[in-house]
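Have a look at the structure below, then the notes.
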Amino acid sequence: MSSSPTVLITGAAGGLGRAFALGFAERGYQVAAADIDLAGTEQTVQLVHEAGGQAQAFGVNVTDPQSTDKMAAGAAEFAGGRIDVLINNAAIYATVTRSLFEDIDPGEWDKVMGVNLKGPWMVTRAASPFLASGSRVINLASATVYSGSEQWAHYVASKGGVIALSRVMAKELGRREITVNTIAPGFTLTEASLGLMEDAASYGVDRGALKRASQPADIVGAALFLAGQDSSFITGQTLVVDGGRQFI
């Protein structure tokens, strides 16, 4: 059994999830990488291995209790029985249809809510037996909760729900000395974001206090802080990482 801490990351097949995997591995964490896209997750694991880290891939449907239970148990076995950090990153984002709230298809609404909001609940529920005193839960929301991004009601509502869920879990898991916090990224230059528009690299830069685009490393840095000892007395909070586009 390795003495290295373990991070379990959902949505690890690409984008921020892959960036989290590589960033945490660089800091000495074992990485349990999980995604419904197992092939993409295995690619992430291979990149971690090539960088000298330890990782294992797990397939998971974050909306299915049997799938999340199996994934959490497998991750804990890989970790030697304990999950030190859980990052609930899996979400539907780039494929969300933008339309007025009256025109959103109810089926798409349910799908977005299922992955983006039910998912963090299901995964944390499954991982809970393997979280111990000092473990960290980090949920991914979005700065769109504060801007009220138009024609995206289901996505924005799902991410607002993540913030609310995190606050409840912070109180309940706090009794076990486990912290729960949320990161709300602004528009970040992942593969998914770059595919949304031609001017992605400059989108919204003029609205920020810092005049540059957000990079995945910016969000990874916030997660490493919330996972570390320096944040041990911070819980139930939402850290907006958007270069000062929103002041909360």
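Quick note: residue numbers are just sequence positions, from 1.
For the residue pair T182/N139, the side-chain donor-acceptor check at 3.5 Å is not satisfied. Counted by atom type alone, E177 and S133 present zero donor-acceptor pairs between their side chains at under 3.5 Å. For the residue pair T235/T179, the side-chain donor-acceptor check at 3.5 Å is not satisfied. Between the side chains of S128 and R176, at least one donor-acceptor pair of N or O atoms lies under 3.5 Å. With no hydrogens or angles considered, no side-chain donor-acceptor pair links Q151 and S99 at under 3.5 Å.
Within a 6.0 Å sphere centred on CD of E150, heavy atoms belonging to other residues, nucleotides or ligands number 12 at most. More than 12 heavy-atom neighbours from other residues, nucleotides or ligands sit within 6.0 angstrom of CD on E50. Applying the 6.0 Å contact sphere to CZ of R125 captures no more than 12 heavy atoms from other residues, nucleotides or ligands.
Of the residues listed (V85, V7, V31, L140), the one engaging F20 in a side-chain contact (heavy atoms from CB on, under 4.5 Å) is L140, and it is the only one. Tested against N88, the residues V180, I138, T124 include a single side-chain contact (heavy atoms from CB on, under 4.5 Å) partner, T124.
The closest side-chain heavy-atom distance from F58 to F78 is below 4.5 Å. Side-chain atoms of I248 and T238, non-hydrogen and from C-beta on, never get closer than 4.5 Å to each other. I36 is not listed as a side-chain neighbour of V62, based on a closest heavy-atom distance of 4.5 Å or more. Side-chain contact between V137 and I178 is present, with heavy atoms from C-beta onward closer than 4.5 Å. At least one side-chain heavy atom of R136 sits under 4.5 Å from a side-chain heavy atom of S232. In this structure, R245 and V205 have side chains that are in contact, with non-hydrogen atoms separated by less than 4.5 Å. Two residues are said to be in side-chain contact when any heavy atoms from C-beta on lie closer than 4.5 Å; E108 and H154 meet this criterion.
Rounded to the nearest 0.5 Å, atoms CG (L226) and CD1 (I87) are 9.5 Å apart. Taking OG from S142 and OH from Y93, the interatomic distance works out to 7.5 Å, rounded to the nearest 0.5 Å. Distance check: E172 CD to M169 CE gives 9.0 Å after rounding to the nearest 0.5 Å. Going from atom CG of L8 over to atom CZ of F24 covers 11.5 Å, rounded to the nearest 0.5 Å. The distance from the CD atom of Q246 to the OH atom of Y146 is 9.5 Å, given to the nearest 0.5 Å. Summarising the geometry, atom OG1 belonging to T97 is positioned 10.0 Å from atom CD1 belonging to I92; distances are rounded to the nearest 0.5 Å.
Side-chain heavy atoms closer than 4.5 Å link hydrophobic residues (I, L, V, M, F, W, Y) into clusters, and following such links, possibly through other members, connects V241 to I9. Cluster membership check: V145 does not share its hydrophobic cluster with I183, using side-chain heavy-atom separations under 4.5 Å among Ile, Leu, Val, Met, Phe, Trp and Tyr. A single hydrophobic cluster is not seen to contain both V240 and L16; linkage of ILVMFWY side chains at heavy-atom distances under 4.5 Å, directly or through other members, places them apart.
Nearest approach of T44 to R18, heavy atoms of both residues: OG1-NE, 2.7 Å. A90 and G11 make their closest contact through CB-N, 3.6 Å (heavy atoms, listed as atom of the first residue, atom of the second, distance). Listed here is the closest heavy atom pair of V115 and A91: CG1-CA, 3.8 Å. A pairwise comparison of heavy atoms in G134 and R82 identifies C-NH2, 4.0 Å as the closest pair. The shortest heavy-atom contact between W109 and A153 is CZ3-C, 3.9 Å. Summarising the geometry of L117 relative to G161, their closest heavy-atom pair is CD1-C, 3.4 Å, with the distance given to 0.1 Å.
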Evaluate side chain to side chain contact (heavy atoms under 4.5 Å, CB included) for V48 paired with Q54, printing each intermediate quantity in order.
-> CA-CA 7 Å; V48 171; Q54 300 179 60; over 6 Å; no
In sequence, state the C-alpha distance, the side-chain angles, and the governing distance for Y29 and T6, and then conclude on side chain to side chain contact (heavy atoms under 4.5 Å, CB included).
-> CA-CA 5 Å; Y29 284 79; T6 298; over 6 Å; no
Can you list the steps and then say if I234 with N181 is a side chain to side chain contact (heavy atoms under 4.5 Å, CB included)?
-> CA-CA 8 Å; I234 298 173; N181 290 291; 3.7 Å; yes
Between S149 and R98, is a side-chain hydrogen bond (donor to acceptor under 3.5 Å, both in side chains) present by the stated rule, with each step listed?
-> CA-CA 10 Å; S149 184; R98 301 200 70 146; 2.8 Å; yes
Given salt bridge (Lys or Arg N to Asp or Glu O under 4.0 Å), test K111 with D105 step by step and report yes or no.
-> CA-CA 10 Å; K111 184 177 181 181; D105 178 76; over 6 Å; no
Evaluate the side chain to side chain contact (heavy atoms under 4.5 Å, CB included) criterion for residues I219 and S214: first the C-alpha distance (whole Å), next the side-chain angles of each, then the deciding distance (0.1 Å), finally the verdict.
-> CA-CA 8 Å; I219 316 305; S214 173; 3.9 Å; yes
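The residues D218 and R212 are annotated as salt-bridged, a charged nitrogen and a carboxylate oxygen being separated by less than 4.0 angstrom.
Side-chain atoms of S67 do not come within 3.5 Å of backbone N or O of D64 as any donor-acceptor pair. For the pair D35 (side chain) and L38 (backbone), a donor-acceptor distance under 3.5 Å is absent. Within the 3.5 Å criterion, the main-chain N or O of N116 finds no donor-acceptor partner in the side chain of S158. Proximity of a side-chain donor or acceptor of S231 to a complementary backbone N or O of F225 within less than 3.5 Å is detected.
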